[in-house]
Amino acid sequence: MREKAFALFLLALFLFTLPLGLLFREAWGPLGLPPLYLYLFGAWGLTLLLAFLLYRRP
Amino acid sequence: MNPFWLLLLLLTYLGLLFLVALFGEGRGRRLAQGPWAYALSLAVYATAWTFFGSVGRAATEGATFLPIYLGPTLVLLLWPFLHLRLLRLAKAYGLTSWADFLAVRFGRDPGLGALVTGFLVVGLLPYLALQLKAIAQGFLFLSGEEAPLADAALLTALALALFAILFGTRRLDPAERHEGLVLAVAFESLVKLLALLLVGGFVLLRLGNPFPEARGRPDLEALLLFPTDLEAYLSWGALVVLSGLAFLFLPRQFHVSVVENVKEEHLPKAAWGFPLYLFLINLPILPLALYGRLLLPGENPDLYVLALPLTLGGEGIALLAFLGGVSAATAMVIVESLALSIMVSNHLLSPLLLRFRALGSLLLWRRLAILLVMLLAYLYFRLAGEAYALVAMGLISFVAVAQLAPAGLLGLFWKGATRQGALAGLLGGMALWAYTLFLPALARSEWLPEVFLTGPHPLLHPEGLLGIRGLDPVTHGFLVSLTANLALLLGVSLLTGKEGAEAREAEAFARGRPQAGRLGEAEELAQLLARVLGPEAGEAFLQRAQGLAPSEQTAQAEAMLAGAVGPATARLLLASATREAPPEALLEEAARESREVRAYARALEEARRELAEAYERLKALDEAKDELLAAVSHELKTPLTAVRALAEILEAHPDLPEGERRRFTALLVKEAARLSRLVEEVLAYTRLQAGLPLAQRPTDLRALAEEALALVEPLAGEQGIRMEAHLAPLRAFTDGDRVLQVLLNLLHNALRHGRSRVRLELTAEGGEALFRVADDGPGVPAEARALVFEPFQSFSGGTGLGLFLARRLVEGLGGRIWLEEGQGAAFAFTLPLEVSHEDPGGGRRGEHPDPPGVPPEEGRA
């Protein structure tokens, strides 16, 4: 489990610190929502889901 | 709104908080000790900065409000492992803060603890001031007043100090948990989350989706994009790291996550539960920020959370938002001031009070320390608070707290970190923090001359050292101070060595178990604890010390003292009740470790031996299978040859006389029966080897014996052998089919060797059923007796499996079988009647319904 947790940490670190300015050049995206925030909350939500699956049993 | 009613609401809410805390110390104790209360108490991290300041930052700088929550999310992914180590060390050593940790880890240096404490008090003042400012600002905004802001902040500070004193400083007992405080903090975490979600929901419900509204505004578009310049990217990354470190090293986080933790099992749930909380609380931030900018262009962005509901006519929602903000601020202020007061008490007050022989008044001084911390925070707010937005004030404190990270993390995982290295790193980091962030903040508020903002030389510009340009002050201060701190710690540690107490502690920390430098008697230690902490502590120690070695007893007493008065004072107090551990004690410790290593080696050797034995058994089994194949083939060959020869004779001579033909046919039947028996035995052998489970049930043993007799009766009649029986009525919990098979094997064996009679007996003997099968044949030769139950040991033709199978079956049923001495051959075996435990050889056995020793009854003759 320790290895999985460390792998998840590295994945989250990568997702949270991408060069976001180079990736999201438009303020408006699908449904008029900002792609930058869609990405940030999406990556955060994915991390939470994986953490839940990893740690749901103590 | 009327200030009076607003004040009444504020006081009512604080009263409710008191009730929740009282509930937590009474009936709600179990709730307060549960995993969800633990995860929610971690949300003391989300302060007024989150509640008001995040919207303010999102409204002015866009997405940069998010790294403050992404950092802790990253840390929590490793939380169950990283934190578990800290938790165990803290319990073993009685640590109550990072100051305790650093002081103990680096040679029990009282100076180091005092330095860290003093620095954290100063470093966290801006953060505490931020909370006071948030409450006062919100109060005045809702009441429509402009001033006096300071008065509202002072009142708030005094009320919160009272709460922290009442629920955080009941006793000095280090084992004390503050369930009331934990439940109150968890409750406040729920209130602030629900309040912010409700405000967001209300605004969205009334105004709809903010993004199409903002589309026509180029100034708002900038909030939805990430800058492409390197400085902005560096700032983002630095904020993620900074907030992660701050989450780990903030005194209040140490307090709720370590001191108030009751179970290690709570960590995995908190690892996803708390980040989920942060995720949810951030959902409404951006929409609120956009509507604030659209509808309230002249308003202070930090107050959008209150102003938006008011503008939309939702006074109730605005009041709820105010209570959410108050919750966020009060939880933080209460826990932070308590944690700081414990640090001040352990590292600054205890040594002084011990010197003046006034340690008995420590609890009073700890309460005064809470008040002092609050008043200092209020003073900072008066001095510099007005000059900064909420987030900017909080970040200065974050950078201060992050200075503990190099010494803390390397001290936790690297044995090479030395006291000199830690001291150099901390001093360097602290000095640069003060120069780049703290003093410029005071200068910006015009409490210090402008030179603290510009520096004496362009290369020494506080917000751009060595000519660095473009970074915001917080990122610059953080990167510069942490780099210097880390470099000094590593460099000085590599140049200096550890010796004495420091080397011992580094080793002990790596093992996670305190090492006794001194030894004392349990009684004397208990008396010392009773004198300092009260009689309950003395009694608790005596209970815990039972069965512990003297060195472990001393470590236990020291941990209890350290939790209450700090590690340095605890060591001094122990000096009166202990003596220096003689070298023998250290030798004893080394000998104990050596014993552990030897025991491990023995266990390894044992495992190796068992493996070798298993291999030998496997090899023997393999060879036995080969022998079985050979024996079976050989045994099958004889009857097969006979069957074939007889069949050929009958085919070639169709005119054989009737008598002769009948004789050949009878021989054919006999040989076929022999073949069938051989096959049955081989099948039984393979089933046994496969270890099929027993089918045990209550069984009538006499009926079983009678069935066996009936089955062999024809064979006996054919051979002219008389069957005799003596069968007692017995029942047992056993596998009837297997018992029948054993009986048939023994009876066939007896019929093969018997001359005129075979006798079967069933009696009860010593709580067991005893079967005996005897014949009047020549008996077993003396040289063959030892081998009679071995497989493939045939002395009369056959596979040699019958008796072997009988033995395995009987042992599998929990009995035993043997060959008796005397005339002819007599085989006996037993089966248990009254056993109620699990048996490795057999299955569960039930009780016999009849009492043992039933008078024997003659069966059929």
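Below, chain A is the first sequence line, B the second, and so on; all start at residue 1.
Between B/Phe279 and A/Trp44, the two ring planes are perpendicular [angle over 60°; tilted spans 30° to 60°].
When all heavy atoms of B/Leu74 and A/Ala12 are compared, the pair lying nearest together is CD2-CB, 3.5 Å. Of all heavy-atom pairs spanning B/Arg215 and A/Trp28, the tightest one is CA-CZ2, 3.2 Å.
At a 4.5 Å heavy-atom cutoff, the contact between A/Leu13 and chain B is made by backbone and side-chain atoms alike. When heavy atoms are compared at a cutoff of 4.5 Å, B/Leu66 approaches chain A solely by way of its side chain, counted from C-beta outward. Only the backbone of B/Pro227 comes within less than 4.5 Å of a heavy atom in chain A; its side chain stays farther off. With a threshold of 4.5 angstrom between heavy atoms, B/Asp229 does not approach chain A through any atom at all. For B/Leu278, the parts lying near chain A are the backbone and the side chain together; criterion is any non-hydrogen pair under 4.5 Å. Both the backbone and the side chain of B/Leu276 come within less than 4.5 Å of a heavy atom in chain A.
In this structure, A/Phe6 places its CZ atom where only 12 or fewer heavy-atom neighbours from other residues, nucleotides or ligands lie under 6.0 Å away.
A/Tyr55 has its ring centre no less than 6.0 Å from the ring centre of B/Trp272.
Taking OG1 from A/Thr17 and CG from B/Leu234, the interatomic distance works out to 11.5 Å, rounded to the nearest 0.5 Å. The OH atom of B/Tyr69 sits 14.5 Å away from the CZ atom of A/Phe16 when rounded to the nearest 0.5 Å. One finds the CG atom of B/Leu224 at 10.0 Å from the CG atom of A/Leu33 (value rounded to the nearest 0.5 Å). The distance from the CZ atom of B/Phe211 to the OH atom of A/Tyr37 is 8.5 Å, given to the nearest 0.5 Å.
For the pair A/Phe9/B/Val75, no side-chain contact is recorded, criterion being any heavy-atom separation below 4.5 Å from C-beta on.
Counting heavy-atom pairs closer than 4.5 Å to chain B, the top residue among A/Thr47, A/Leu18, A/Leu49 is A/Leu18. Interface remark: of the candidates B/Leu76, B/Leu267, B/Leu286, B/Leu286 forms the most heavy-atom pairs closer than 4.5 Å to chain A. Chain B forms the most heavy-atom pairs under 4.5 Å with one residue out of A/Ala43, A/Pro34, A/Ala51, and that residue is A/Pro34. Ranked by non-hydrogen atom pairs under 4.5 Å with chain B, the options A/Leu50, A/Leu40, A/Leu23 are led by A/Leu40. Ranking B/Gly237, B/Ala63, B/Pro35 against chain A, the residue ahead of the rest is B/Ala63, based on heavy-atom pairs under 4.5 Å.
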